[in-house]
Trainee: 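Let me give you the structure first, and then I'll get to my questions.
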Amino acid sequence: GDRARTEARRVSLGFVYQFHHLLPESGLHIIGECFVRVQISLLGVPGAKLSDVREAMSHTMLLGQCRDFLRRHDIRSVVGPDTAGSALLVAEGGDPSRAALASSLAGEIYGLDNLAQGIEDRPNNTTRFLIMSRDADHSRRPNREGSEAMLTSFVFRVRNIPAALYKAMGGFATNGVNMTKLESYMVDGIFTATQFYADIEGHPEDPPVARALEELAYFTSSLHILGVYPADPLRALQAAGQS
């Protein structure tokens, strides 16, 4: 019913790939990040058993995070609208051969049985969430102990000149600014219109970052700062574990 669909929207992870398109036009600003350990459950209709399940529905990202489990149990992947929305559809369908990949909370909300828990392939499966606000906040700086690093996120389009992206990125290398993420995506489905999303370490007022952004602006047709915010402490721990 209407209540169930409302709850689905509350616990849904949403369409991750739309982030790049929605955020620059949303009027919202990134003011923080949060790394959340994600545990995935296989949720079936009441009375169903794991051996009954032939299909599992979920967001494409969760399907990929449970690939080994699904393969071992010969369960076919079905792309659903999102995680909680998939749980809702499974609950409404009442088919014991179809389950959903979602959180155990989604199972509680929709009255589904938890057929298997913690089925993600990687034991450190983590999702990064962004904290948004209507108002930008560039006032925060690293604390005196240096344990709170700052991040700056922005989107940009390069000018239509040879090696524009290479030249635009050069300023970060020469100024010693670490870029932790760089993603490209088409704008309005046009192959010649490419926009980039980037995360860098530091604050726009830090001299190295300011110089790098100034050089970037020279080679771009548009540059939009999405947010300046403290890094989640788990980011440093993950980086230390990979080194």
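Bear in mind the structure is a predicted one, so any value in this text is a computation, not a measurement.
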Trainee: Got a second to check how far Phe156's CZ is from Leu165's CG, nearest 0.5 Å?
Mentor: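 Answer rounded to 0.5 Å: 5.5 Å.
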
Trainee: Using side-chain contact (heavy atoms from CB on, under 4.5 Å) as the criterion, list what pairs up with Ala168, not counting sequence neighbours.
Mentor: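 Testing Ala168 for side-chain contact (heavy atoms from CB on, under 4.5 Å), a comparison that skips the adjacent residues, returns Leu216, Phe219.
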
Trainee: Give a yes or no on whether Leu213 and Tyr166 share a hydrophobic cluster (residues Ile, Leu, Val, Met, Phe, Trp, Tyr; joining criterion: side-chain heavy atoms under 4.5 Å apart).
Mentor: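 Shared cluster, no.
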
Trainee: Is the closest side-chain heavy-atom distance between Gln39 and Ser104 below 4.5 Å?
Mentor: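 Side chain of Gln39 against side chain of Ser104, heavy atoms only: no contact under 4.5 Å found.
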
Trainee: Closest approach of Tyr197 and Lys181, non-hydrogen atoms and distance?
Mentor: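 Closest pair (atom of Tyr197, atom of Lys181, distance): CE2-CD, 3.4 Å.
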
Trainee: For Arg54, what residues pass the side-chain contact (heavy atoms from CB on, under 4.5 Å) criterion, not counting sequence neighbours?
Mentor: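 Checked Arg54 against side-chain contact (heavy atoms from CB on, under 4.5 Å); matches are Ser97.
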
Trainee: Answer yes if Leu88 and Val78 sit in the same cluster of Ile, Leu, Val, Met, Phe, Trp and Tyr residues linked by side chain heavy atoms under 4.5 Å apart, and no otherwise.
Mentor: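 In one cluster: no.
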
Trainee: Short question: side chain of Asp113, backbone of Gly44 - any donor-acceptor pair under 3.5 Å?
Mentor: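 The answer is no, because no donor-acceptor pair under 3.5 Å joins these two groups.
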
Trainee: Enter the distance from Ser86:OG to Tyr110:OH here, rounded to the nearest 0.5 Å.
Mentor: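 Here the interatomic distance stands at 10.0 Å.
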
Trainee: So do Glu55 and Asp95 actually touch side chain to side chain, heavy atoms under 4.5 Å?
Mentor: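 Not touching, per the 4.5 Å side-chain cut-off.
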
Trainee: How many angstroms lie between atom CZ of Arg98 and atom CZ of Arg76, to the nearest 0.5 angstrom?
Mentor: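 Here the interatomic distance stands at 7.0 Å.
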
Trainee: Just jot down the side-chain contact (heavy atoms from CB on, under 4.5 Å) partners of Ile131, sequence neighbours excluded, or say none.
Mentor: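 In terms of side-chain contact (heavy atoms from CB on, under 4.5 Å), with neighbours along the sequence ignored, Ile131 is linked to Ile31.
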
Trainee: Taking only residues two or more places apart in sequence, or in another chain, which ones meet His73 in a ring-ring contact (aromatic ring centres under 6.0 Å, His included)?
Mentor: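 Only Phe69 meet the ring-ring contact (aromatic ring centres under 6.0 Å, His included) criterion with His73.
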
Trainee: Under a 4.0 Å threshold between the charged nitrogen and the carboxylate oxygen, would Asp68 count as salt-bridged to Arg71?
Mentor: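 Yes, Arg71 and Asp68 are salt-bridged.
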
Trainee: If I take atom CE from residue Met57 and atom CG from residue Asp82, how far apart are they, to the nearest 0.5 angstrom?
Mentor: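 Here the interatomic distance stands at 10.5 Å.
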
Trainee: List for me each residue that meets side-chain hydrogen bond (donor to acceptor under 3.5 Å, both in side chains) alongside Ser139, sequence neighbours excluded, and say none if there are none.
Mentor: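 Ser139 satisfies side-chain hydrogen bond (donor to acceptor under 3.5 Å, both in side chains) with Asp137 once adjacent residues are dropped.
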
Trainee: So, do Pro81 and Leu89 sit near enough that their side-chain heavy atoms are less than 4.5 Å apart?
Mentor: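 Yes, side chains in contact.
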
Trainee: Could you tell me whether the side chain of Asp232 and the main chain of Phe35 form a donor-acceptor pair under 3.5 Å?
Mentor: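 Side chain of Asp232 to backbone of Phe35, a donor-acceptor pair under 3.5 Å: yes, one is there.
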
Trainee: Give me the atom names and distance for the closest heavy-atom approach of Val45 to Pro96.
Mentor: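 In this case the closest contact between Val45 and Pro96 is CG2-CA, 3.6 Å.
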
Trainee: Partners of Glu205 by side-chain contact (heavy atoms from CB on, under 4.5 Å), sequence neighbours excluded?
Mentor: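 For Glu205, the residues satisfying side-chain contact (heavy atoms from CB on, under 4.5 Å) (neighbours in sequence not counted) are Arg141, His203.
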
Trainee: Check step by step if side-chain contact (heavy atoms from CB on, under 4.5 Å) holds for Leu234 and Thr126.
Mentor: CA-CA 10 Å; Leu234 287 180; Thr126 303; 5.6 Å; no

Trainee: With sequence neighbours excluded, what pairs up with Glu108 under the side-chain hydrogen bond (donor to acceptor under 3.5 Å, both in side chains) test?
Mentor: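 So Glu108 forms no side-chain hydrogen bond (donor to acceptor under 3.5 Å, both in side chains) with any residue.
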
Trainee: Taking all non-hydrogen atoms of both residues, which atom of Leu63 and which atom of Ala56 are closest, and how far apart?
Mentor: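 That closest heavy-atom pairing would be CD2-O, 3.6 Å.
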
Trainee: Sequence neighbours left out, what passes side-chain hydrogen bond (donor to acceptor under 3.5 Å, both in side chains) with Ser41? Give chain and number order.
Mentor: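 By the side-chain hydrogen bond (donor to acceptor under 3.5 Å, both in side chains) rule, Ser41 matches Asn114.
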
Trainee: Closest approach of Thr83 and Ser58, non-hydrogen atoms and distance?
Mentor: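 Taking every non-hydrogen atom into account, CG2-OG, 3.8 Å.
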
Trainee: Pair Leu101, Gln65 - check side-chain contact (heavy atoms from CB on, under 4.5 Å), show working.
Mentor: CA-CA 10 Å; Leu101 300 182; Gln65 293 169 1; over 6 Å; no

Trainee: Looking only at heavy atoms, which two atoms of Val53 and Ala99 are closest? And how far apart?
Mentor: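 Shortest heavy-atom contact: CG1-CB, 3.8 Å.
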
Trainee: For residues 28-44, pull every pair meeting salt bridge (Lys or Arg N to Asp or Glu O under 4.0 Å), keeping only residues two or more places apart or in separate chains.
Mentor: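 Found Glu33-Arg128, Glu33-Arg235, Arg37-Glu120.
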
Trainee: Could you report the tightest heavy-atom contact between Val228 and Arg140, atom names first, then the distance?
Mentor: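 In this case the closest contact between Val228 and Arg140 is O-NH2, 3.6 Å.
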
Trainee: Could you give the distance from CG (Asp121) to CG (Leu70), rounded to the nearest 0.5 Å?
Mentor: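 Those atoms lie 8.0 Å apart.
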
Trainee: With sequence neighbours excluded, what pairs up with Lys167 under the side-chain hydrogen bond (donor to acceptor under 3.5 Å, both in side chains) test?
Mentor: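 Partners of Lys167 under the side-chain hydrogen bond (donor to acceptor under 3.5 Å, both in side chains) test: none.
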
Trainee: Check whether any side-chain heavy atom of Val209 sits under 4.5 Å from a side-chain heavy atom of Ile200, and report yes or no.
Mentor: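 Yes - at least one pair of side-chain heavy atoms lies under 4.5 Å apart.
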
Trainee: Output the distance between atom CE (Met61) and atom CD1 (Ile40), rounded to the nearest 0.5 Å.
Mentor: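 Here the rounded value is 9.5 Å.
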
Trainee: Side chains of residues 170-180: which donor-acceptor pairs under 3.5 Å do they make with residues two or more places apart or in other chains?
Mentor:
unit_1 : atom_1 : unit_2 : atom_2 : d
Thr174 : OG1    : Gly170 : O      : 3.1
Thr174 : OG1    : Gly171 : O      : 3.3
Asn175 : OD1    : Arg211 : NE     : 2.8
Asn175 : ND2    : Gly171 : O      : 2.7
Asn178 : ND2    : Glu201 : OE2    : 3.3
Thr180 : OG1    : Asp199 : O      : 3.4

Trainee: Mind jotting down which residue pairs meet the ring-ring contact (aromatic ring centres under 6.0 Å, His included) criterion with at least one end in residues 74-105? Sequence neighbours excluded, please.
Mentor: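 Listed once each, the pairs would be none.
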
Trainee: Does any N or O in the side chain of Thr152 come within less than 3.5 Å of the main-chain N or O of Gly202, such that one atom is a donor and the other an acceptor?
Mentor: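 Yes; at least one donor-acceptor contact below 3.5 Å.
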
